[in-house]
*Asks:* 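Can you keep this structure in mind? I'll have questions shortly.
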Amino acid sequence: MEKLTRIVPTISSAEIERDAHEAFKRCRAVHPIATLEKGGTVVLRHADVSRLSRDARLRATETAIPAHGGITQGALFDIFRHGMLTANGHDHERRRFAMSRALASQVIDDFRSCVRNAAEVLIDGFQRDGAVELGSGYAAKLPILALAGMLGVPDRDVPVFTRDVDQMNEFFRPNATAAAMAEAELAAQRVQDYLTTVLAGKRAGQANDFLSHYLAVADADQRISGVEVIIQLVQLIIGGTESVRAALVAQTANLLSNRAQWEAVCEDPALASPAVCESLRFEPGIAGVVRISTDDIDVDGWTLPAGQMVILSSMSALRDERVFERPDSFDIFRSDLVPSHLAFGGGAHKCVAEALGRAELEEGLNILAKRLPNLTMKTQPVFMGHVFVRRATECWVTW
Ligand code: HEM
């Protein structure tokens with residue numbers, strides 16, 4: 001074990017790019033926090049991440065992230081300016097209210113069937129090929145198609161909707177290029193315009209679908225503006241696609257690397273729930289959440305200084321040796337599985353759609369296991385990203 005020292009360890013960019021899990025493990029053994037060479041302080045241990053996600057001295061970033069990249073207006077900027085994810089206090093509470101009410105259990109049940117339909121269509125499309133790159137062929141498409149179903153996007157609009165969402169999301173991915181960012185801005189504007197048109201049609205009718213319900217709650221509540229109504233939907237789309245994508249690849253790869261566990265899921269679909277849970281612990285779709293400290297904060301005798309970018313690292317916390325036995329082993333039968341864990345964040349911003357996310361990962365897994373039980377992994381994906389959204393390298397599978 002590294003000798004305990006009063007100096008907060010620094011993780012170099014090379015080390016974290018090479019293997020973020022190992023870098024966090026090295027530091028977590030002796031320190032509750034570490035600084036990143038590129039800037040920011042990471043909180044590493046489960047108890048601290050859990051406690052600090054409810055600490056009001058750590059604030060959501062509002063418009064600091066686009067402003068840091070020189071973006072001070074436009075469609076992408078508006079997502080940060082008017083969205084719940086980046087808001088604090090009363091603004092956050094009123095923006096989240098209608099969405100959290102609208103995501104009732106009926107919506108989750110309907111969403112499960114949207115996911116199943118989308119999964120069947122995708123598998124029909126590639127089954128005869130005998131091989132697919134799981135990330136681009138399944139995991140990237142399934143969440144967008146499922147959300148398009150939930151939002152009632154007509155079939156004729158789905159290809160353009162899918163392309164626009166994918167281009168917009170590029171902004172939130174690790175290592176996006178300048179050209180991709182410029183495309184993302186245009187795509188974000190098209191997505192917002194499209195949703196505005198769809199909502200205008202909804203207001204005229206009284207249907208019993210998710211969007212009509214969301215609008216009814218928002219209209220009755222009267223605390224959010226027209227632009228805020230749209231932007232919460234945009235954030236739902238971003239949250240509902242980017243965090244699911246890497247998680248879908250991870251759970252399939254983790255199970256296929258542990259063949260007996262894959263076969264167990266194929267035989268018993270009820271095991272999809274612990275499999276999803278364990279995979280989100282082992283390789284979460286979101287590495288951590290980003291906050292700004294407004295005060296000096298004590299973490300087990302070390303100080304998080306005021307005015308810093310702070311990463312509450314679920315990726316590190318979910319492998320904390322203090323909480324999990326054999327944390328670096330993937331085991332869907334482990335006795336210390338935590339059903340509602342930090343992969344979905346904590347405190348006021350805890351994933352507003354956790355039930356949708358779990359439903360999607362479970363259905364996406366079960367349809368794959370039912371249709372392609374002989375699935376075999378040909379290329380093992382590597383997961384990148386240690387701050388927010390994670391991304392997987394290619395994962396070729398055959399059957
Ligand atoms: C694998 C599945 C998912 C994971 C791991 C995940 C993870 C997270 C995390 C960690 C947060 C907290 C962010 C923060 O505190 O800064 C969050 C918030 C959020 N998620 Fe998810 N999520 C998932 C699925 C979804 C889905 C399916 C949707 C929408 C359909 C969604 C929409 C959102 C939204 C809108 C927020 C913002 C909530 C707020 O700020 O109050 N997520 N998610």
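Numbers here are sequence positions counted from 1. Atoms within a ligand are numbered from 1 in the order they appear, just like the ligands themselves.
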*Asks:* Please state which part of V290 comes within less than 4.0 Å of ligand 1, counting heavy atoms only: side chain, backbone, both or neither.
*Replies:*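 Answer for V290: neither.
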*Asks:* Does ligand 1 have a heavy atom under 4.0 Å from the side chain of M84, from its backbone, from both, or from neither?
*Replies:*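 Both backbone and side chain.
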*Asks:* What atoms in ligand 1 come closer than 4.0 Å to a heavy atom of L356?
*Replies:*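 Near L356, meaning under 4.0 Å from one of its heavy atoms, ligand 1 has 30 (C).
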*Asks:* Suppose I only count heavy atoms of L361 and a 4.0 Å limit; which atoms of ligand 1 are within that range?
*Replies:*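 Under 4.0 Å from L361, ligand 1 has these atoms: 1 (C).
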*Asks:* Check each heavy atom of H92 against ligand 1 and say whether those closer than 4.0 Å belong to the side chain, the backbone, both or neither.
*Replies:*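 Just the side chain.
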*Asks:* Give me the ring orientation class for F126 and Y138: parallel if the planes are under 30° apart, tilted from 30 to 60°, perpendicular past 60°.
*Replies:*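 Ring orientation of F126 relative to Y138: perpendicular.
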*Asks:* For atom 21 (Fe) of ligand 1, which protein N/O/S atoms are closer than 2.8 Å?
*Replies:*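 As for protein N, O or S atoms lying under 2.8 Å from atom 21 (Fe) of ligand 1, they are C351 SG.
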*Asks:* For ligand 1, find out whether one of its N or O atoms is nearer than 3.5 Å to an N or O atom of H349.
*Replies:*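 By distance alone, the answer is yes.
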*Asks:* Name the closest protein heavy atom to atom 29 (C) of ligand 1, giving the residue it belongs to and the distance to 0.1 Å.
*Replies:*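 Scanning the protein heavy atoms, the shortest distance from atom 29 (C) of ligand 1 goes to L236 O, 3.3 Å.
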*Asks:* Below 3.5 Å, N or O to N or O, backbone or side chain included: is there any such pair between K350 and ligand 1?
*Replies:*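 Between K350 and ligand 1, no N or O pair is found under 3.5 Å apart.
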*Asks:* Distance to 0.1 Å, residue and atom name: give those for the protein heavy atom nearest to atom 7 (C) of ligand 1.
*Replies:*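 It is A343 O, 3.5 Å.
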*Asks:* To the nearest 0.1 Å, how far is atom 16 (O) of ligand 1 from its closest protein heavy atom, and which atom is that?
*Replies:*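 Ranking protein heavy atoms by distance from atom 16 (O) of ligand 1, first comes R291 NH1, 3.0 Å.
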*Asks:* Does either side chain, that of T196 or that of D193, offer a donor lying less than 3.5 Å from an acceptor on the other one?
*Replies:*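 Distance-only check fails for T196 and D193.
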*Asks:* In the protein, what heavy atom is nearest to atom 37 (C) of ligand 1, and what distance, to one decimal place, separates them?
*Replies:*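 Answer for atom 37 (C) of ligand 1: L85 CD1, 3.7 Å.
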*Asks:* Assess R319 against F282: is NZ or CZ under 6.0 Å from the centre of the six-membered ring, and within 45 degrees of the ring's axis?
*Replies:*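 Relative to the ring axis of F282, which defines the angle, R319 lies inside both limits.
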